[in-house]
Asks: 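For reference, the structure I am asking about is given below.
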Amino acid sequence: MALGGINLLYELYIENLAVIKSAHIPFSDSFNVFTGETGAGKSILIDGINSILGQRVTKDIVRTGEKKATITALFTNLDSSICERLDELNISHEEDMITITREILSNGGSIARINSRAVAISVLKEVGQHLVNVHGQHDNQILLNPDRHLEIIDSFGNDESLLNDYTDAFKRLQQLARTIGELKRLQSSKLERLEILNSRITELGALNLQPNEDTLIEEEYSICINAEKIINSLDTSYRVLNDLDGSAMENILQAKNGLERYSDVSPKLEPLCERLSNVYIEVQDISEEILTISNSIDLNPSRLEYLAQRRLDLNHVKKKYSLDIDGLIKLYQDALEEISTLESSSDEIERLTAQKDKLLLEVTEKAKRLSDYRLKVAEKFTARVCEELKFLNMPNVVFKVSCEKGKLTVHGMDSMEFLISANVGEPPKPISKIASGGELSRIMLALKTVLADKDNIPTLIFDEIDTGVSGKTAQRIGFKLREVSKIRQVICVTHLSQIAIMGDNHLLIEKFTDDNRTSTSVTQLNHEGRVKEIARIMNGEILTPTALKNAEELLNSVE
């Protein structure tokens with residue numbers, strides 16, 4: 001039954017990876033152990049898992065003679081944080097499961113896929129770091145990163161109220177500082193900007209621009225500049241219609257009167273008379289409108305001069321600002337509004353600065369309360385880790401949390417770093433400086449035990465955690481791994497029987513030769529297979545009845 005609320009590595013399929021031609025590896029949701037002879041390929045298994053987590057790989061890992069190596073992992077029971085990130089990446093996760101595949105090409109290329117969709121290696125790495133934590137003798141893990149130690153202490157404290165309260169206040173302080181900074185930036189260029197705006201307002205305001213004015217000016221200017229010619233043309237037209245002997249109107253009237261004399265005799269003439277009458281009326285109306293237009297045209301030179309100058313002024317500002325009249329009117333109005341804002345910015349800066357100073361005191365006080373709380377949490381955390389280290393047969397190890405106060409950040413005013421002294425008389429140093437692989441592995445296990453129900457990394461893989469240990473220490477490491485596996489999936493590569501017997505899923509890695517090629521297989525062992533493998537680990541290749549009996553008893557004692 002899967003552990004509730006955490007992601008699980010359900011199975012792994014490897015093809016053509018170094019000496020592994022093909023391997024299908026099932027995992028339980030608790031404690032998985034890998035055993036096998038030295039050189040059988042246990043490290044290749046870890047390389048395979050690292051590859052699907054987005055770690056760097058080289059073409060040398062591809063099995064000789066093959067075009068590519070393929071590693072596929074199925075993860076089930078995904079938690080909400082992973083599902084949300086997958087949604088952001090538009091990657092489906094039906095039934096909260098995903099398949100991650102990494103193809104390593106013999107020519108040096110690499111292809112990554114999540115649910116058959118190609119993704120960048122950076123995406124694979126981002127997703128992978130939330131799924132599995134691989135701890136090896138030389139790996140830099142999250143717990144070895146000082147930048148994460150403060151986060152670990154906060155996680156161990158299991159009370160986010162103080163941090164959330166501080167963070168909210170700090171973000172308000174940041175926003176206020178940004179607003180003030182922007183206002184000051186605007187104010188620093190205020191004089192230059194005011195000069196530009198005042199010049200713009202003076203120039204455009206003096207013109208008193210009206211909507212669509214340029215079109216109207218162009219029409220009137222065109223008429224004025226041709227006024228004399230237009231009047232002459234109108235006058236000629238009027239005289240043709242009215243004043244000259246044999247004018248159009250006189251001729252139309254004579255034609256109409258002539259037809260009317262005989263309209264009684266010829267009925268067909270009546271409609272023609274009516275039409276000529278209508279034409280006469282229409283021509284008369286045209287004549288009157290010509291006279292009206294002629295009288296309305298102003299031959300005033302001063303008006304023409306005004307229109308010519310206005311036309312030049314409008315065209316000048318339109319070209320200068322690359323705007324039409326409506327755009328110029330808006331530019332003028334915007335300039336008036338901006339000047340008003342700039343003139344009031346000094347008062348606003350003073351008001352906001354006073355508000356910021358008050359908020360800074362509030363944030364500083366919240367940071368102090370948070371810092372005091374963290375110191376208490378760090379003390380409890382230190383005590384718990386020291387207890388675990390003693391259990392793991394490291395009674396002389398000193399574990400401390402270095403706490404320093406600095407400038408305010410979104411995380412508070414604190415910086416914390418884990419310090420370790422593995423030898424009596426040696427001052428504690430940063431945990432990342434610890435040289436011994438065996439000591440580092442046990443320290444990491446102690447931290448993982450303390451944090452097992454706190455962090456959100458669901459699958460823990462320990463490679464070489466038993467380096468340099470044996471006997472009682474190995475037995476205690478096995479107990480701790482089994483304890484952690486109750487709330488986290490644990491995968492462990494080991495060569496010690498004390499650890500191997502603790503697993504609930506035992507997988508054997510074996511090397512064999514087939515057709516003059518070396519290959520590695522991975523086999524899930526049943527109880528009988530486990531007895532033989534435990535006996536081999538304890539006694540070597542010769543499996544005597546006594547060795548098998550001892551292995552049987554050892555397994556039964558923990559199963």
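All values derive from a computational prediction rather than experimental measurement.
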Asks: Can you list every salt bridge (charged side-chain N to carboxylate O under 4.0 Å, His left out) pair that touches residues 371-382, not counting sequence neighbours?
Replies: D154-R374, R374-D414

Asks: List the steps, then state whether side chain to side chain donor-acceptor pair (under 3.5 Å) holds for R536 with T35.
Replies: CA-CA 10 Å; R536 182 199 66 78; T35 62; 5.1 Å; no

Asks: Evaluate the criterion side chain to side chain contact (heavy atoms under 4.5 Å, CB included) for residue pair N90 and R117; output intermediate values, then yes/no.
Replies: CA-CA 10 Å; N90 293 320; R117 176 181 169 182; 3.4 Å; yes

Asks: Using the rule given for side chain to side chain contact (heavy atoms under 4.5 Å, CB included), can you reason through F462 versus L445, listing the C-alpha separation, both sets of side-chain angles and the distance that settles it, and then say yes or no?
Replies: CA-CA 9 Å; F462 294 93; L445 179 56; 4.2 Å; yes

Asks: Does E528 have more than 12 heavy atoms from other residues, nucleotides or ligands lying within 6.0 Å of its CD?
Replies: no

Asks: If we ignore angles and hydrogens, is there a donor and acceptor under 3.5 Å between the side chains of N505 and S28?
Replies: no

Asks: Is it true that E15 and K21 have a side-chain N and a carboxylate O under 4.0 angstrom from each other?
Replies: no

Asks: Using side-chain heavy atoms (C-beta onward) and a distance below 4.5 Å, is P26 in contact with L12?
Replies: no

Asks: Is a side-chain donor or acceptor of S106 paired with a backbone partner of K67 at a separation under 3.5 angstrom?
Replies: yes

Asks: Looking at A500, is its backbone amide N or carbonyl O close enough to the side chain of R530 to form a donor-acceptor pair, meaning the two atoms are under 3.5 Å apart?
Replies: yes

Asks: State whether the number of non-hydrogen atoms from other residues, nucleotides or ligands found under 6.0 Å of H411 atom NE2 is greater than 12.
Replies: no

Asks: Could you check whether R482 makes a cation-pi contact with F31, meaning its NZ or CZ is under 6.0 Å from the centre of the six-membered ring and within 45° of the ring axis?
Replies: no

Asks: Could you walk me through whether S371 and K405 pass the side chain to side chain donor-acceptor pair (under 3.5 Å) check?
Replies: CA-CA 8 Å; S371 183; K405 292 181 174 61; 3.3 Å; yes

Asks: Can we say E362 and R172 salt-bridge, meaning some charged N sits less than 4.0 Å from an Asp/Glu carboxylate O?
Replies: yes

Asks: Indicate yes or no for a side-chain donor-acceptor contact from T409 to the backbone of G412 under 3.5 Å, with no hydrogens or angles considered.
Replies: yes

Asks: Might you work through the side chain to side chain donor-acceptor pair (under 3.5 Å) test for S110 and R102, ending with a clear yes or no?
Replies: CA-CA 7 Å; S110 175; R102 184 84 178 270; 2.7 Å; yes

Asks: How many angstroms lie between OG1 in T546 and CG in L543, if you round to the nearest 0.5 Å?
Replies: 11.5 Å

Asks: E533 and L525: side chain to side chain contact (heavy atoms under 4.5 Å, CB included), yes or no, with the steps?
Replies: CA-CA 9 Å; E533 175 61 6; L525 299 178; 3.8 Å; yes

Asks: Run the side chain to side chain contact (heavy atoms under 4.5 Å, CB included) check on L86 and L78 step by step: do they pass?
Replies: CA-CA 10 Å; L86 292 172; L78 303 179; 3.9 Å; yes

Asks: Below 4.0 angstrom, N of the basic side chain to O of the carboxylate: do K549 and E552 qualify?
Replies: no

Asks: Which residue, I91, T99, L89, forms the side chain to side chain contact (heavy atoms under 4.5 Å, CB included) with I114?
Replies: I91

Asks: Please say whether more than 12 non-hydrogen atoms of neighbouring residues, nucleotides or ligands are located less than 6.0 Å from CD1 in I542.
Replies: no

Asks: Which residues pass the side chain to side chain contact (heavy atoms under 4.5 Å, CB included) test with A18, sequence neighbours left out?
Replies: I44

Asks: Is it true that K390 and E387 have a side-chain N and a carboxylate O under 4.0 angstrom from each other?
Replies: no

Asks: Is the number of heavy atoms from other residues, nucleotides or ligands within 6.0 Å of CZ (F391) greater than 12?
Replies: yes

Asks: Nearest 0.5 Å please: distance from the CD atom of Q55 over to the CG atom of N50.
Replies: 5.5 Å

Asks: Go through the steps for R85 and E126 under the test salt bridge (charged side-chain N to carboxylate O under 4.0 Å, His left out), then give the verdict.
Replies: CA-CA 10 Å; R85 182 56 182 141; E126 177 189 352; 2.6 Å; yes

Asks: Count the heavy atoms belonging to other residues, nucleotides or ligands that lie under 6.0 Å from CD of E94, then report whether that count exceeds 12.
Replies: no

Asks: Please report the shortest heavy-atom distance between I104 and S51, naming the atom on each side.
Replies: CD1-CB, 4.3 Å

Asks: Return the NE2 to SG distance between H93 and C83, rounded to the nearest 0.5 Å.
Replies: 4.5 Å

Asks: Hey, could you give me the CD1/CG distance between I82 and N77, rounded to the nearest 0.5 Å?
Replies: 12.0 Å

Asks: Does the E388 side chain pair with the main chain of V450, one donor and one acceptor, at a distance under 3.5 Å?
Replies: no

Asks: Can you establish whether the number of heavy atoms outside E160 located under 6.0 Å from its atom CD is more than 12?
Replies: no

Asks: Let me see the working for N32 and H506 under side chain to side chain donor-acceptor pair (under 3.5 Å), right down to the final yes or no.
Replies: CA-CA 6 Å; N32 303 267; H506 192 155; over 6 Å; no

Asks: Can you classify the ring geometry of F418 versus F399 as parallel (below 30°), tilted (30 to 60°) or perpendicular (above 60°)?
Replies: tilted

Asks: Using a distance-only test with no angle check, is there a side-chain donor-acceptor pair under 3.5 angstrom linking T382 and K400?
Replies: no

